[in-house]
Amino acid sequence: MATATQSPQKGIQMTESALQQIQLLRKQQEKDLCLRVGVRQGGCSGMSYTMDFEDASQITDKDEVYDYDGFKVVCDPKSLLYLYGLVLDYKNAMIGGGFQFTNPNATQTCGCGNSFSA
């Protein structure tokens with residue numbers, strides 16, 4: 001497992017490779033966006049991860065915001081109950097590549113790694 005390069009005090013951590021990939025994707029949007037990470041009901045194991053760019057004006061007072069050198073990662077409080085301590089990584093591989101979630105709260109994960117139960 002790759003180690004997160006940011007402070008362990010952050011509820012959602014990112015490896016250097018994940019941060020680089022997200023910065024690249026954000027640059028393609030040609031807007032200054034933040035990344036919202038969360039969970040929703042569904043998926044093979046009960047809950048699935050969500051991750052999408054959004055305008056910073058959508059951040060609410062209840063959201064947790066983590067700053068990565070000026071780039072904001074945002075999570076709502078209900079999702080954070082299931083995601084606290086999550087490490088977001090990115091692998092550039094033909095098979096099994098893409099964003100990967102290492103969630104210390106997951107009691108079971110599906111084979112694809114996109115859903116879990118807690």
Side-chain angles (χ1 to χ4, degrees):
M1 178 182 102
T3 57
T5 58
Q6 300 298 322
S7 166
Q9 286 82 12
K10 292 185 179 181
I12 296 177
Q13 301 174 59
M14 297 175 66
T15 64
E16 188 62 37
S17 119
L19 186 57
Q20 288 174 356
Q21 183 64 23
I22 292 206
Q23 294 283 27
L24 178 69
L25 293 170
R26 181 179 75 158
K27 189 175 182 179
Q28 293 171 357
Q29 300 285 323
E30 297 180 355
K31 295 179 191 173
D32 188 22
L33 302 171
C34 61
L35 179 71
R36 182 169 291 277
V37 179
V39 297
R40 67 173 183 223
Q41 294 295 323
C44 343
S45 296
M47 287 186 267
S48 59
Y49 298 104
T50 62
M51 188 170 75
D52 205 359
F53 289 114
E54 73 176 20
D55 191 87
S57 66
Q58 300 298 312
I59 299 172
T60 70
D61 291 339
K62 294 181 180 180
D63 288 328
E64 285 289 324
V65 179
Y66 304 103
D67 189 274
Y68 286 88
D69 297 323
F71 177 68
K72 291 180 175 39
V73 176
V74 182
C75 187
D76 67 272
K78 288 182 183 178
S79 292
L80 195 59
L81 290 172
Y82 300 103
L83 297 180
Y84 193 84
L86 175 85
V87 176
L88 181 60
D89 192 14
Y90 182 81
K91 301 280 189 212
N92 192 9
M94 294 289 278
I95 298 176
F99 287 102
Q100 298 178 343
F101 304 90
T102 303
N103 186 348
N105 306 299
T107 57
Q108 180 180 358
T109 58
C110 68
C112 68
N114 292 327
S115 70
F116 69 101
S117 60

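What you see is a predicted model, and the numbers here were worked out from it, not measured in a lab. Because only heavy atoms are used, hydrogens play no part in the values below, and waters and symmetry mates are left out as well, while side chains stay in.
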ask   = Hey, are the side chains of Gln13 and Tyr68 touching, using non-hydrogen atoms and a 4.5 Å cut-off?
value = yes
ask   = Looking only at heavy atoms, which two atoms of Ala56 and Cys34 are closest? And how far apart?
value = CA-SG, 4.1 Å
inquiry  = By the definition side chain to side chain contact (heavy atoms under 4.5 Å, CB included), identify the one residue from Asp52, Thr50, Leu86 that meets it with Val37.
reply    = Leu86
key: Val73-Tyr49 co-clustered via ILVMFWY side chain contacts under 4.5 Å   = yes
Nearest-0.5 Å distance that lies between atom CG in Leu35 and atom SG in Cys75 = 10.0 Å
remark   = OH of Tyr90 to CG of Leu25, rounded to nearest 0.5 Å, is 7.5 Å
query = Which atoms form the tightest heavy-atom contact between Tyr84 and Gly11, and what is the distance?
reply = CE1-CA, 3.4 Å
inquiry  = Rounded at 0.5 Å granularity, tell me how far CZ in Phe99 sits from CD1 in Ile22.
reply    = 4.0 Å
message = Please determine whether residues Ile59 and Ile12 belong to a single hydrophobic cluster, defined as Ile, Leu, Val, Met, Phe, Trp and Tyr linked transitively by side-chain heavy-atom distances below 4.5 Å.
response = no
request  = Work out which heavy atom in Val39 is nearest to a heavy atom in Tyr82; give both atom names and the distance.
outcome  = CG2-CD1, 4.0 Å
ask   = Of the non-hydrogen atoms in Gly38 and Ser79, which two are nearest, and what is the gap between them?
value = CA-OG, 3.5 Å
query = Between atom CG of Asn103 and atom CE of Met47, what is the distance when rounded to the nearest 0.5 Å?
reply = 8.5 Å
query = Can Arg26 and Gln23 be counted as having a side-chain donor-acceptor contact under 3.5 angstrom?
reply = yes
ask   = What's the spacing between Lys78 NZ and Lys62 NZ if we round to 0.5 Å?
value = 8.5 Å
message = How long is the straight-line distance from CE of Met51 back to CZ of Arg36, given to the nearest 0.5 Å?
response = 14.0 Å
key: Backbone of Thr102 reached by a side-chain donor or acceptor of Asp89 within 3.5 Å   = no
message = So Tyr66 and Met14, do their side chains get closer than 4.5 Å, heavy atoms only?
response = no
query = Has the side chain of Asp55 got a donor or acceptor atom that lies under 3.5 Å from a matching backbone atom of Gln58?
reply = no
key: Parallel, tilted or perpendicular: ring planes of Phe71 versus Phe53, cut at 30 and 60 degrees   = perpendicular
note = All heavy atoms of Val74 vs all of Val65, minimum pair found to be CG2-CG2, 4.4 Å
query = Would the number of heavy atoms belonging to other residues, nucleotides or ligands and lying under 6.0 Å from CD of Glu30 be above 12?
reply = no
